[in-house]
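Worksheet: the structure to be examined is printed underneath.
These figures come from a predicted structure and were not determined experimentally.
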Amino acid sequence: MLMRTDPFRELDRLAQQFFTGPGTWSRPTPMPMDAYRAGDEFVVEFDLPGVAADAIDLDVERNVLTVKAERRPSRTGDGVEMQVSERPLGVFSRQLFLGDTLDADRIKADYDSGVLTLRIPIAEKAKPRKITISGTDNEPRQINA
């Protein structure tokens with residue numbers, strides 16, 4: 001049998017279950033994420049430990065990216081008595097509003113070791129570019145935009 005050494009962790013877990021409960025498709029639980037810009041792409045990482053890759057659903061509608069995942073209970077079989085059950089089950093979801101500066105048509109998704117990584121390229125129209133200015137002296141000049 002497993003022994004506990006941190007009573008506050010158990011209190012936090014019970015409070016979370018009491019106030020939020022397991023996520024459902026109509027009322028999913030939010031999933032933790034990190035987001036950052038790396039060069040010419042925007043990277044978003046979601047923690048989804050214990051979720052099978054086929055239980056993750058990605059949708060883009062207009063400029064809204066929706067990530068939904070479901071952590072299903074493990075199959076324990078008959079005659080098994082659960083001693084500790086702390087891993088949250090249910091549906092997890094997160095929506096991101098993508099601005100016009102991101103290219104939603106070229107999103108790449110990778111799932112490895114319980115982390116879903118999305119790479120969203122910066123749109124060409126949002127990248128810095130040079131603009132040529134023609135002057136009265138007929139000698140074109142360039143400025144940074």
Side chain to side chain, I120 and L98, heavy atoms closer than 4.5 Å: yes
Verify same cluster id: V64, L96 (apolar side-chain graph, 4.5 Å): no
L58 reachable from V115 in the ILVMFWY side-chain graph, under 4.5 Å edges: no
Under 4.5 Å side-chain linkage, directly or through intermediates, the cluster mates of V80: none
Side chains of L118 and D110 in contact at under 4.5 Å (non-hydrogen atoms): no
Heavy-atom pair with the smallest gap, counting every atom of F92 and R71: CZ-NH1, 3.6 Å
What side-chain donor-acceptor pairs closer than 3.5 Å can you find for residues 101-109, not counting sequence neighbours?
residue: D103; atom: OD1; partner: D105; partner atom: N; Å: 3.3

Candidate pair T117 and D112, rule side chain to side chain contact (heavy atoms under 4.5 Å, CB included), full reasoning: CA-CA 8 Å; T117 303; D112 185 36; over 6 Å; no
CD1-NZ distance between I56 and K68, expressed to the nearest 0.5 angstrom: 14.0 Å
Salt bridge (Lys or Arg N to Asp or Glu O under 4.0 Å) contacts in which one or both residues fall within residues 92-101, not counting sequence neighbours: none
Using distance only, find each side-chain donor-acceptor pair of residues 33-55 under 3.5 Å and give its atom names and separation, not counting sequence neighbours.
residue: Y36; atom: OH; partner: E45; partner atom: OE2; Å: 3.4
residue: R37; atom: NE; partner: G39; partner atom: O; Å: 3.0
residue: E41; atom: OE2; partner: R119; partner atom: NH1; Å: 2.9

Heavy-atom check, side chain of L116 versus side chain of V67, under 4.5 Å: yes
